[in-house]
Structures are given as structure tokens and as C-alpha cells.
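Below: one structure, written as C-alpha cells.
Residue numbers start from 1 in every chain, and the chains themselves are labelled A, B, ... in the order their sequence lines are given, proteins ahead of strands. The shown structure was predicted, so the numbers you read here are calculated from the model rather than taken from an experiment.
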Amino acid sequence: MADVKFQSEILPELDPSAPLLDVRDLQVEFRTRDGIAKAVNGANFTVNRGETLAIVGESGSGKSVTSQAIMGILETPPAKIAGGEVLFHGVDLLTLSKERKRRVRANHVAMVFQDALSALNPVYTVGFQLAELFRKHRGMSKAEAKKKSLELLDLVKIPAAAQRINEYPHQFSGGMRQRVMIAMALALDPDLLIADEPTTALDVTVQAQIMRLLAEIQAERQMGLILITHDLGVVADVADKISVMYAGRIVEQAPVLDLFGKPAHPYTKALLRSIPRLDTKGQKLEVIEGLPPVLTNIPPGCAFAARCHYAQDVCRTDIPLLETVAADRAAACHFSAEVINGE
Amino acid sequence: MRTKRVMSAIAVAAIAGLVVSACGSGGDDAGSGSQELNLGLGEPKNLVPPNVGESEGGEVTRLVYSGLYTYNNDGSLKPVIAEGQPTSTDNKVWTIKLKSGWTFQNGEAIDANTFKKAWDYTVYGPNANSGSYFFNKITGFADTQSGADPDGDGPQKGAEPKAKELSGVKVVDPTTIQITLDTPWVVFPALLGYTAFYPTADACRAQIEACNEAPIGNGPFKFVGKWEHKTSIKLEKWSDYKGEQPSYQKLNFTIFTGSNNSQWAPFEAGSLDIAAPTPDKYESAKQKYGDRMIEADSPSTWSLGFPSYDNIYKDPKVRQAFSLAVDRQGIIDAIFTGRGKPLATFIPTMIPGYTEGTCATYCKTDPAAAKALLDSSTWPKGKKVELWINSGGTGEKILKAIGDQLAKNLGVEYEMKNIEWNDFLQKKQDHKLTGPFFTGWQPDYADSENYMGPLYYSGAKDGSDNDFGYYNADFQKLMDEGNAAPTIAEAHAKYTAAEKILTETLPVAPLYTGRTSTVIGDKIDFKSVDRNPILGGIDFVKIKLK
Amino acid sequence: MSDVSTPKPSKQRSLWSDAFHDLRKRPTVIVSVVVLLVVFAIAFFPSLFTSVDYKQCDIALTKAGPVSGHPLGFDEFGCDLYSQAIYGAGPSIQLALMVVVITLLVGGFIGVLAGFYGRWVDAIFSRIVDIFSSVPFLLGSILLLAMFRDVDLPLISGQFELIIPAVLTLALFGWTNTMRLIRASVMEARSQDYVHAARSLGAADGRIMFRHILPNAMAPVVSLIPLSIGGLISAEATLSFLGLGIKPPSITWGIMISNGAGWFTGGYPRLLIVPSIFLIVTVLAFVLLGDAIRDALDPKLR
Amino acid sequence: MGRYVIRRLLQAVLTLSVVLFMLHYLMSLAIQINGNPVRTFFGDKPVSDELLQATMEKFNLDDPCLKSVGDPCWGMFTDRMQQWSHFDFGTDFQSVKIGDSIANAIPVTLTIFAITTVVWALFGVTAGVLAAMNRGRFIDYLVRIGTTFTLAIPGFLMLILVQNIFGVIIGNWFREQFGRESFLSLIFQPTYSAKAPFLSLVIPGIALGVFGIAGITRLSRTSMLENLRSDFVRTAKAKGLKRTRVTIVHTLRNSLIPVVTVIGFALGDALGGSVVLEGLYNIPGLGLLAFNGVKTNDTAVVIAVVALASVVFMVTNLIVDLFYAVLDPRIRYE
């Protein structure tokens, strides 16, 4: 399947040996009334085929902006990509023409959004919105497109798909809507799927179902999957590795088990403490004191310093770089050694 | 018609006397040289001669119907269906000879009987024709009217009239009519050119409402289709007409019911060929169309009426002071860009019986004398002058200008009372106007008597039966003597004496006569345009298209 | 999770003060506020701006050009054009303010009642609104004023006598808009937490409505106030133009435009242009201010 | 849906009957205060009481209730409604059937409104959409300044200028250049012309359209902006759809929903504007009919025309609401 695509005329220069997605030093700025806000301030990560990367962080930490920058759907202006590369099999998506970027979307990279109710167009039937992809990108006839759409709905396990295909998004339940979103993202067999908080708006039980569905499909199709979330708990079961973002930077990067076991950044550690856990029942949940920095005015030094127990003078002057702290893992903290070892 | 319908002319045409009826325009289909004249018109109220009471209806009626006479430019009678002038030995019994062979457009013949039947119909009370008023000096008129209101408390059905026919009108033979008046009146023939004396066909009177929509006329033009209310009236040449025939085929009136100046713009756009510029467009029109503009004095007069019934205005000195305070020429220059003539008489120049300068004393501007007069009068100091007018029209501007001058020259404050036409009429007649009011008069027939008798003559000693509450015994006496005079010249001498009394006592302050400026479109042969100063309009029958 | 840690600032307060801070910085706001201050000063203290009596006219000076002491020349009646324009501001502005106050009070009160109580109260008022809004605003006002243009109102005299009929008519057809807006925002606010809180604390209906809900429901109406004042000034001019508003010798811009309209192509464009500029600049200032307020209160629509 | 329509229609009937009665009452009151309008038929010549009475009877204005101020004149009202139930709307003061007058006026006014609506839909919506798409750029500023000015210039003033400039100055130039019957000459006319009924209405219709265009344009712009920022447009972009498809299919369609509603209301406002417009251009439409009716206190005409206007207004709004449901499947009227 992948081989066929490698000959597609959209990206003839693909390098099959390069990682599926390699984001290098991505920087995104927003021009606002109060000045320039650095939403993404040097993001680095890679995703390989069949791999699941979770990007975790508070809202405003730059995860969604990163994903939209990869998709090429950031509104410019006010946004501006100030630097970095987004290499898709070695091709920098940022340098492509608008038209080529558009054709990469959905064909190679697809996205599932957070709130499916608002992410689906309320005035068209679900069938229309699915079939549209086949008709516009594949030039299929109405009937063919409908047939393909039905198959997709079956794939994402929507019961009575034949009837529901003619219904409108508001007639679906939250979970079913998210399945529709997923079906839409999968329609053109993308190599990379970005799921931006796909389960936030859902009930806990439904959350699990959707995550399972994503995991299954990913395994079956050997796609790369980027899961964006603010909830570490959600990704524990499905992610292979995790990148933690804070104030526009990746502050820690690690395989999922390592990260849960021994966080190397005080922020990760605090995040983990704020997850309710079955095994620590009765224990008080921790709250991270203070507020994340204002993006138009990031203080010098470590952005987390103001909220950090470990912070020393050096943290307020020098920006810690993302450095390898152990095999396959990196952290951006002057005191990562102390953190990883506990106290 | 004895209507002081100038006021309605303000209400409808609103070009305050400057344009009486010259609002036609030659429509011309480009290049086709089509024989079609397109004119503009306000919406007429009525199109059957017995009931026509304003200039719009009159204009159409005079084209579709022909009467015994019409008026020459000097005001004398011009026979149409009649043969020669009316004759009388005693000014009481008048004999009119008719031409034979005339018919209505439906084929009905016209003879003396036609006129008798038409006039009987007109005067018969229950038929409620506004034209009946013009017959009131003919013997037997009172018998055709319904009796007095039985209980006297307003509109109730009156008694059945005593007579259905006007006993003063006799058919001597098919071509001779004899009219007997109650008292001798040398001026009477002047009435005969008026539309109320036009004939109507039997078929028309049988279905008078249908006849109003699609008149059965006897004039140079006949109706095409029906009167499209508020839209258009289309006429075409009636080729069997026995009188002077038009040289072109069609005449269309576009009816304007919108804003008052809307005829000038279409003229400029070429869809109307004859129109009168509004005062504000006069100067540019004169520059552009100067050689195709006909300017002529209009026979209508405009005055500031005084409520003599009101204690404040009872004192002639107050009225004289007000009259002296008004700068007539200034108003004409400002509002009408000079088109008009200050009025120093009660009678305009072109009307038989006019005498120059009868009102030289008080019909001029003299602020100092005015102030002195007011101070010596019974005028209550500090009283605010209320100026009344019917709303909508140039008259409002005139009245404001008058108010400004009263304020400037007499030091009085003023307030405008612009009220609806209906309300204005009612209040005026009920003597409820509490201050001077704007009033106009367009003559019904061409004689000086028409400018005084109908307005200021009173049957009651307190003047309660005219709008001004004016009564002056000497004036009444001179008017009576004039009416009874054996010759026109002697009558006019008496009328002039009566006018002198008016100029001293001022039931109204004469202001100005209008002046029409009519621009003739270039598709019309300019030499063929003949404007009748008495009828105040262009003779459309005589117009020749290029 | 930031939601856990960040105490949410009071939304309304920050909305209003943000809006204010935002407004202060905008040049269009500064310019329109200055213009409006001048216009208000002209409307309420015309004698500060001219010593010429606008009623003192000399017909001999008809349409004369500017001379010393009469910077804009004279109108067709020989009245000083500048002082006419100055004195012409008062009635329009007074009328617009009165109408806005009445519509706010009536529309606001009824809107709060209808929105708060819902059900039959709402049903009844909504039907009444239907009735008024089924006759279009300007059409209704024109017809009503034309019908009763001759009627003297009892009890009122002076300057106000001239504008009251127009005020009442415009308010009669104008309150429904305010009512609808307020009703909608009250309905939204009614179900919010702070209302429940107030209720559980035992606040009476009246207090909840007018102390708690109304201030929060005002935002959409507030930004409309300048716009509707502008619209009302236009409407007044339209009515004067049709001869249905204020009568001479009192003066308004609408009357001046009506008198001057014909002279525009008749060789004296000044007679139309002067009052038009006064009118347009004033309305423009209101429109710009209204736009700015709306933008400030609803930043995302900028 | 069916039940909703029936409920709305019932409400409309209720509203209409109140409107009708209010109109009747106001007109009666106007007569009671201003005096019987038949008086004007006779100019200011003295009229005999019987003549007055005969005329009043003819026009159904002889009811004694018209003499006591405040009397609601119920009898007259029920008589009129009975008459109406046979589709007989009576006659005006010139004995013309009001039904006929209205029938003649409707096509004219409808033509104007059709042109006006087209102007709104074409220019208003397009300008709003373009401004939103080019937010912060030249076009956006142009549109915003333009709408601000159309809001600031009173309608009647604009109509006067349009008539003088387009009808007279420009029109005359065309007539000199191309002759009087040329297409452009017929379009640029200073007044309504019965010869070219449609063409001479184009400019007035556009002028009336400019009257309310600011609201439409601004709403289109904000609505577009809101939708352009919406999640589903982002989804559409993420789906790799072309820009035109994203704009037209996924943004415009959604943005039109509120615009349609506002056009419904704006047409009501335009009815008021048409009174001025039709007067200025001498257009024989409903606005002029109503205004002339009011000026002469012709009760029957005013009530019939205004009632018609309010019926049209209510029906338009019902249609708009139903159309709303078509445009927005989330709305279901029960």
C-alpha cells in the first residue's frame, strides 16, 4: 500500500528510507495586539511508520498549533512559521507550494479534531462530507463514493451505516460523531494520522472505545499516529512514546513506560501527579501552582522556572536545552538528573 | 367654476402659481417622428364637465369636450358650438345661437336640447355636481336645489327639490337657447366658456361613473381606453371633429402623483417635451432653454388673507401694517427667482376691468409706516402671529418668508401652522383660523368681478358667509350697481370703485401674480405654441410637431 | 488542567474594562467622540457657537454668499446658513436621545420581564411585538405622523411640542428591537450559575432581574445605542423632508435639506451641501463609535 | 413542520386582525380629529349639507361615530371586514376599486423589491464575503468604509442625489450620445416611465437596495468571518479541499443562514423607504398609494395597503423561517 503511494505524483521526491515525519526546530509565531506570541518555540520530534507518538501539554502549550503547522492549515496571518522543518519522508512540507500542500493533506497526512460536533459541517449529511473526499480527490462518481463511504462507516463500526449515512452530524451521539471524523480522516489512506485531543469531549467509557478503535486501525494500517492530548492517562495504553510540551517547547521526550516510571522533567512529574490513579486512592491530587507564562513575554531562562520546586538561579537565566538523559530519552532541564532519580 | 381652486392647485401642483397647467410635454419617439404629444398632469379629481372643479380635470375636459364658447387671449368669448356672441337687450335674457351638425363621439347629435338636458342634470341638487354653483344666477336655480336641512344639525337628507329643470333655460328651437337671469348681469356671458357649461351626452349621464372613466366627449380628442388612475390618460385625435383639428394623432398624459417637482426631471430626460422648471431650476433652465421658454403672467392672484372675524385682525390698521411690512418683490426674487409680479391691485393686468395702481397706498413695502400703523392700532403687544397654510407646497416657503419679514419689520414673533388641506378648508370656512393665512385665486371667468364678488361679497352683515368674515356696505352697494350696469364699461367703472374700497380695508393683502415659465421641447414647432393667458395654459390643439 | 489551576476572572468586568481600554486607544473612537462632544455642545448650547439669531432673516439677502460674520452665507430666505445649521442640531439630537431613552426603558423593561418569566408573559409580549413589527418602522412612522400631523398635543409646549409627536411615533415602532435583544440575552443569562446562586440566596425576582441579569444582558444593546441614535437622526431628517417633522420657523437639518435639495442642481449647491455635511458627519460619528464599541465588546468579529 | 406552519399562520391571523383594527381605529380617529375628508372634494367653495351628506354616503363615511372623538366605530369595522371577506376592498375617493389599484401597484413594487433583493444578494453578500476573505486587506477596508458611509448618509438624501446625478446628469449624457430610446437612456431615467416600466425601475431599485445594503454586507462579513474561523472549515481544509470549495460549499452556505433572515426583515424596512422612493420617482407602487391615501385621509385605501404590507411582511418572515429550516438542518419546527 505504501509502495503504491510512493509513486504518487504529489510527492515524487519522497525518500522511503527517511522517517515518516521528522519535525525539526519548528517555530510558530502569532502576531497579536500585544506583540508577537511564540506559540511554538523549537519543537523537535520524529514519528515512524506504525509508531504512535503522544504529545502532551496544557492548553496553550503549542500542541495544536504544531499539529496544524504540520497539516499546513494554520491561518497565516495571524500565524507565521518562523523557522524549522517538517520533513515527511525527507520532504519539507513547509516549503511546498500551496497547491501541493493541499494535495498532501488527506492523501498523506490526515487529522481528527477534538470536538466532532463543531468539526463536522452542520448543514451537510455525514454521507456528503465523506463522499466529498472520494469525489474531489479520487474523481469517483456519486454512487462509487457512497459505496466507499459506507465501507468506511462500517470500518469505524457505526451501526446501521446505510441509514445513518444520510443523517446530519447533530443527529449522532458524541462517540459516533468522532467515529465519523476518524472515518473521514482514514478515507484516503493517509500515512500519518494526527488526532488532536480526539476524546476530550467524550464520556470516559466512550473515550476508551475511541482510543481502542484508533489503536486497532493504526496497527492494521501501519500508519504513523500522533496523539495530541492534555491528559497523560488517556495515552498510557496506546502511545509508544511521549513528547511533553510546555510553553511552546518540548521539555521531555521518552518511551511511554520510561516516562511514566521515571519522569526526567519536573513538569512531567507534576503532570503525572495530577492524574487520578486507581492505585493511589485517597491520596490528594496535586495541583501545579501558578500559571504558564504569557507567550508574548516568555521570561529568560527556563519557562517553567517560576512554578518549579527544583528551580535555581541558573534556571532564570539560561534556557535548558533538550538533551539526552538516557537511552531514547531526552529532557530540557538543568536538573534532569536529580528529577529522574527522584528528589 | 367658482372654486377658489388655486389652493388645490398648490396642494396638487405646488408650483405656486408659476405653473398653472403648462405641464405638458411632447413625447417623441426618437427619430420615428411619431405624431404623439406626451404631457404631464397631476391626477384629476373628475372628468365629467358638470363636476370638474380643478385645473387638472379642466385641462383634460377642454380637450375631450367642446362647449359653446372658449376664451380668446384677450378674455373675450370665442364661439365654438355657438354661432356668434350671446345677445341680450336687457342683460337679463340672453340668447345663444348654435351651429348645427355637431355630434358626440358616440354619434349622438348636439342641439339646444342637449345643453338644456346637460345643465338640468348639472344643477339638480341630488346629483351633487360641483359645477351647479355657476348656474345660481339663472332663474329657477333655487327650485332645483334641495330644501334646507330639516333639523338644521348638520348633514341630513334635505327635502326633494321643487323642480327637476332649470326654468330659466329655454329651448327656442334646435339651434337657439334662451337663458333668463334673476337680475340683469352684463358680465354673464363671460361664464359661458367655462367647463360647467359644456354639454354631456345622454349616454354619459345615464352611466355617469362609467363616463367619468371613459368620457364620451365632443371635442378634438377622444379617449383611448380608460382613465388609468394615477398612471396615464391617453387621447387620440377625433377625426370627425367639426372644429379646429389637431395636426397630430395622439396626446398622452402621464399622471404624476409623487413629489411636486417630478415633471421637470423627466422633461430634462427627454421623456417630456413641455414642462415648467421648478423655481430652483429656473435659472439653469433659462440658460439652457432660454429661446424655447415661454414666460407669461398668470391670471391667478396670491394674497395674505386676514381673519376679519377675529378681534385682533378686526382693526384695518393691523391689516394695513401687515401689508406694508411685506417685501413682495423680495419674496418673488428669493422664492421664484424673480418670476412673478408684485400685486398692487386686486385684479391682474390681463383681466378685463383691470385698473392700474388701485392699491398703491398699502400694497408696497414701507417698514417704518408699517411699524407706526401697528403701534397705533389695537394690536396686543407681544402677541405671537399664527400663520396658517395647507401643508405641502411652495406656499409654505412664501408664508415663511412673510413671517420672517413680519418678525423683522414689525418685531412680532410668528409661528407656522401648516395643516392638511382638508383641515385647512374646514377651519377656514368655520372661521377658526386664528391668524393670517395664505390664499390664492384662479379666475373662473375673465372679468374683474370674478376677483371680488365670490370672495368678499357677503349676504350677511357680519360677513359670516365668506372666508374672511369681511363685510363693507359701500363695497356691497358698488358691486350690486356694477352687476346691474347696462354696459360692460359702466360695470367695470363700478367694480373699480368697489376695488378701491377693498384696497383701503384690505380683507386680504394682495401679494403677487404668478408668472409661468414653460419650456417647449425641441420636437415641437415653437411658432405653433399659443399660450392663453386667461386659461393659463398652452393650446395643445394648435401645437404642431416637427 | 489549566482550568484547575487558574481562577477565572469575572468575565463581565473584564469584558467592559477590556472594551474600555481597547476603545481608548483607537483613533476613530477619539475622533468620533470629539465630534460628538462638539455636536452635543452645539445641540444643547447653540448660542456658544453663533451670536446670530437664526430667526433673523432678510429676504433681500437671499442665497447670498459668505460675508464677514456670516461664514456660510445665506439661505433662500436670507437667513444665516451657519446659525441655521447650528440651531438645526438641537431638535434632531434631542429627538434621537429621547427616543433612545424611551425605547431602552420600555423595551428593556418588557424584554427583561418576557425573558425572565418566559411562558405566557413572554407569549403575550411576543405577540405584541409581532403586531408592531408587522408594520415596518419607517412606513408606520410616516403613516402615523401623516395621519395626526395637525393634532395639537395637550400639556406640552415650546420646542418639545414640535418634536414630541415624532418622538412618540418613532419610539412606538422602535422599542420592539430593544425588547427582542434584551429578551434573548436575558433568556441566556437566566440559566447561568450566578443567577441560580442569587436565587438560592433568596433574592427576589425583581432584584435578580434588574441587579443581576440586566447588567449582563446589556452588552448587545449598548453597542447598538450609538448606531440607533445615528439612525434616528436620519429618520428625523427623513420625516422633516416629508414635511412630517418639525415645522418652520423652527429649523432642523432635515428641513434645511428639504429646502436646499432643489437648489443643488439649481446653481446653489451650498444650500444642500452645508446641512448634509452637518448631518452626515454627525451620523457618521455615531456609526463609527457604535462600530468601535461593538468590536470592543465582541473582539472576534473585528 | 405542518403543525408549526399552522400555528404560525394562526398567530399571523391574530396579529393581522389586531393590526387591522388598530389601523381602522387610527384612521377613524384621524377623521374624528381632522374632520371628514369628503370636505376636500369641493375645494373651498361652500358646500350644502345635503351635498356633503350624499358624498359621505357614497364613500361610507356617513357613520355618526366619525363625529365623536375616540369612538372605535365597531360597526364600520365589521362592515368592512364583511366586505373584505368577499374580496371586495371598496373604492377610493375617485370611485376606483381599491382592489384594482392594488393589483396595479403590486407588480411595480415587487419589481423594485426584486431588484433590491438582487442588489443585496449580489453586491451586499459578495462584498461581505470578499471583505471577510481578505480580512485586514484593502478590500476589507474598502467594504467597511463603504458600508459605514451608506449607513451615515440618510436614505432620502442618497435618493435625491441618485436621481439628480444618475437620472439627470448621466442620463442626459446617454440620451445625447445614443438617443432617447437606447438601453442606457431608458435605464438612467429621472422618474418612472410607463414606456419602459422595468428599465426605469432598475436605478430606483438599486438605490433602494443601497439603503439597506450596509446591514447585509456587514452581516455577511461577520458571518463569513465566524464560519471561516469555525472548526468545520478547518476540517474542510484538513481534508485537502480546494479553496473555492472550502469557501463556497463549506463557508458561504453556512454563512448565508443569518443573512437570509435579515433580508426578510430588511424588506420590511425597504417598504418604508419605498414611500420616499416612489414619491420622488413618481412610481405608481404601493408606497405612493399608501402615502397619498394618508394625505387625503382615504381610510379604505390606507387600511387595505398597510394590511397588505403587513401580510406580505408576515408571510415573508414565515417563508424565511421555513427556508431557514431548509438551510440549517439542525432547526426543526415542531
Between the CD1 atom in B:Ile335 and the CZ atom in B:Arg339, the distance rounded to the nearest 0.5 Å is 12.0 Å
Interatomic distance, CD@B:Glu396 vs CG@B:Asn390, rounded to 0.5 Å, equals 7.5 Å
In terms of heavy-atom pairs under 4.5 Å with chain C, the winner among B:Lys397, B:Gln329, B:Gln405 is B:Lys397
Please tabulate, for the side chains in residues 167-175 of chain C, all donor-acceptor contacts under 3.5 angstrom to protein atoms that are two or more places apart in sequence or on a different chain.
from: C:Thr169; atom 1: OG1; to: C:Pro165; atom 2: O; distance (Å): 2.6
from: C:Trp175; atom 1: NE1; to: C:Leu172; atom 2: O; distance (Å): 3.1

Residue pair B:Trp379, B:Phe322: steps toward the ring-ring contact (aromatic ring centres under 6.0 Å, His included) verdict: CA-CA 11 Å; B:Trp379 178 257; B:Phe322 275 39; 5.5 Å; yes
If one checks every heavy atom of C:Gln56 against chain B at 4.5 Å, the contacting part turns out to be side chain
Sequence neighbours excluded, the answer for side chain to side chain contact (heavy atoms under 4.5 Å, CB included) partners of B:Ala407 is B:Tyr414
By residue number, those in residues 44-53 of chain C with heavy atoms under 4.5 Å from heavy atoms of chain B are none
Which atom pairs, one a donor and one an acceptor, fall under 3.5 Å between side chains of residues 273-285 of chain C and the rest of the protein, sequence neighbours left out?
from: C:Ser276; atom 1: OG; to: C:Leu272; atom 2: O; distance (Å): 2.6
from: C:Thr282; atom 1: OG1; to: C:Phe278; atom 2: O; distance (Å): 2.7

Is C:Arg270 salt-bridged to C:Asp75, going by a charged N under 4.0 Å from an acidic O?
no
